[in-house]
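The structure appears right after this line, and notes come after that.
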Amino acid sequence: MQRYFLTKEAFKGETVTLPSDVVHHIGTVLRQGPEYEMVLLDGTGVEYACVVTSLEKKSGEAKVMSSRQATTELPIEVTLAYALPKGDKVELVAQKATELGVHHLLLFESTRSVAKWDGKKAPKKVERIQKIMQEAAEQSYRAVVPTCTYISPKELQQKIDGYDAVVIAYEESAKEGEQSAFAQLLTQLKPKQRVLVITGPEGGFDVNEINQWTQAGATACAFGPRILRSETAPLYALSAISFALELNRSYENG
């Protein structure tokens with residue numbers, strides 16, 4: 001079934017008013033009309049099985065048949081702080097991170113970031129990325145749409161205290177042979193905890209950045225013995241978290 005995210009306020013009764021973009025997609029792209037079945041989501045984790053009752057050129061309504069709590073979200077809340085990379089890599093990471101379960105994407109300029117976002121253009125860039133994440137959330141059967149925010153390095157520093165665990169992908173740790181810190185952290189994570197994963201740009205992080213974050217409570221980790229590209233590291237981390245908290249523990253319980 002096709003899935004669409006609406007606002008929470010849209011679900012006040014058994015009848016839901018469909019926004020114009022959803023009406024356009026159902027009627028023009030899918031070439032469907034009344035009696036078309038779909039899933040609507042309120043962004044809080046609840047799924048609504050609905051059927052279209054009326055569909056005009058720019059308006060439409062649907063009836064809620066049933067609802068349930070979704071089971072497609074990671075058991076912990078993962079925030080990815082991604083230092084701006086070159087080109088359109090950030091869009092790729094935003095899309096794939098959404099598919100892998102990220103809850104929040106924080107974009108920032110690290111010391112070695114080549115890419116720089118003009119203050120006036122940043123909101124439009126964030127808006128585009130937010131749209132990419134919503135489309136990815138619908139495609140991957142997510143029950144919530146991750147948020148995207150552009151922050152300063154200082155704001156990132158201030159956020160570290162608000163998480164149960166903070167992981168930094170640091171290539172120097174891999175070069176030195178450290179391979180256990182991330183694995184140990186994964187075994188200690190518990191449902192509903194909040195985790196922050198910080199990954200760097202093409203040139204990696206400056207040692208001063210690492211020192212500031214580790215002094216604030218973060219842990220610098222190697223993501224295996226190999227050095228990963230800036231767009232690979234965040235996806236590696238999310239995949240490992242998913243395996244540790246979803247697949248691996250389901251095997252253990254089985």
Side-chain angles (χ1 to χ4, degrees), residues 5-9 41-45 72-140 142-169 192-202 204-206 209-210 212-213 216-219 230-238 241-242:
F5 282 95
L6 275 61
T7 64
K8 183 180 179 180
E9 290 71 28
L41 303 103
D42 64 2
T44 69
T72 54
E73 296 302 309
L74 284 173
I76 63 172
E77 182 181 305
V78 181
T79 296
L80 169 63
Y82 187 34
L84 289 181
K86 294 185 291 185
D88 58 359
K89 294 177 183 177
V90 66
E91 296 183 2
L92 171 68
V93 169
Q95 180 189 66
K96 301 308 177 185
T98 298
E99 294 176 22
L100 290 167
V102 76
H103 285 78
H104 308 287
L105 174 62
L106 305 177
L107 302 173
F108 70 102
E109 291 181 14
S110 70
T111 302
R112 296 178 181 173
S113 287
V114 175
K116 305 294 181 182
W117 281 12
D118 180 273
K120 296 180 180 180
K121 295 182 179 179
K124 290 186 177 181
K125 290 179 179 290
V126 169
E127 183 179 353
R128 172 172 169 73
I129 292 170
Q130 191 69 68
K131 183 177 180 181
I132 290 172
M133 296 177 82
Q134 176 167 331
E135 292 173 349
E138 292 172 347
Q139 179 274 327
S140 59
R142 291 287 302 275
V144 299
V145 179
T147 62
C148 177
T149 309
Y150 182 60
I151 64 174
S152 68
K154 182 178 180 180
E155 289 174 315
L156 175 59
Q157 176 80 16
Q158 295 170 342
K159 288 179 177 292
I160 289 179
D161 282 344
Y163 294 89
D164 296 295
V166 180
V167 177
I168 311 167
K192 298 184 179 181
Q193 286 188 319
R194 302 178 72 240
V195 176
L196 173 64
V197 178
I198 307 175
T199 65
E202 291 79 3
F205 287 125
D206 181 85
E209 293 175 309
I210 297 296
Q212 290 177 358
W213 295 331
T219 302
S230 69
E231 67 271 31
T232 307
L235 307 185
Y236 174 95
L238 287 164
I241 290 171
S242 174

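Remember, predicted model here, so these are calculated numbers, not experimental data. Computed over heavy atoms, backbone and side chain alike; hydrogens, waters and symmetry mates excluded.
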Quiz prompt | Smallest separation among heavy atoms of Leu100 and Leu235, with atom names | solution = CD1-O, 3.8 Å

Exercise. Identify the heavy atoms of Val197 and Ala237 that sit nearest to each other, and give their distance.
Key: CG1-CB, 3.9 Å

Exercise. For the pair Arg112 (side chain) and Pro201 (backbone), establish whether a donor and an acceptor sit closer than 3.5 Å, ignoring hydrogens and angles.
Key: no

Quiz item: Atom NZ of Lys8 and atom CG of Asp42: how far apart are they, to the nearest 0.5 Å?
Solution: 7.0 Å

Exercise. Please round to the nearest 0.5 Å and tell me the distance separating atom CD1 of Ile129 and atom CG of Leu107.
Key: 5.0 Å

Quiz item: When you measure from the side chain of Thr98 to the backbone N and O of Ala94, does any donor-acceptor pair fall under 3.5 Å?
Solution: yes

Exercise. Please indicate whether Lys89 has more than 12 foreign heavy atoms, meaning atoms of other residues, nucleotides or ligands, lying under 6.0 Å from its NZ.
Key: yes

Quiz item: Are the side chain of Arg194 and the backbone N or O of Thr79 linked by a donor-acceptor pair below 3.5 Å?
Solution: no

Quiz item: Taking atom NZ of Lys116 as the centre, does the number of heavy atoms from other residues, nucleotides or ligands within less than 6.0 Å exceed 12?
Solution: yes

Quiz item: Between Lys124 and Glu127, is a salt bridge (Lys or Arg N to Asp or Glu O under 4.0 Å) present by the stated rule, with each step listed?
Solution: CA-CA 5 Å; Lys124 290 186 177 181; Glu127 183 179 353; over 6 Å; no

Quiz item: Sub-3.5 Å donor-acceptor pair from the side chain of Glu73 to the main-chain atoms of Ala143, do we have one?
Solution: yes

Exercise. Kindly say whether Ser110 contributes a backbone atom to a donor-acceptor pair with the side chain of Glu209 at under 3.5 angstrom?
Key: no

Exercise. Kindly indicate whether the side chain of Glu109, heavy atoms from C-beta on, has any atom under 4.5 Å from the side chain of Tyr150.
Key: yes

Quiz item: Roughly how far, to the nearest 0.5 Å, is the NZ atom of Lys159 from the CG atom of Leu196?
Solution: 9.5 Å

Practice problem: On the 0 to 90° scale, with breaks at 30° and 60°, tag the Phe108-Phe205 ring pair as parallel, tilted or perpendicular. | Solution: parallel

Quiz item: Are a donor atom and an acceptor atom from the side chains of Glu231 and Tyr82 found within less than 3.5 Å of each other?
Solution: no

Quiz item: Distance from Glu77 atom CD to Leu74 atom CG, nearest 0.5 Å?
Solution: 10.5 Å

Practice problem: Write down the atom of Leu105, the atom of Met133, and the distance for their closest heavy-atom approach. | Solution: CB-CE, 4.0 Å

Exercise. Could you tell me whether a side-chain N or O of Ser113 sits under 3.5 Å from a main-chain N or O of Leu84, the two making a donor and an acceptor?
Key: yes

Exercise. Indicate yes or no for a side-chain donor-acceptor contact from Gln130 to the backbone of Pro146 under 3.5 Å, with no hydrogens or angles considered.
Key: yes

Exercise. Please answer whether the main-chain N or O of Gln157 pairs with a side-chain N or O of Gln212 as donor and acceptor at a distance below 3.5 Å.
Key: no

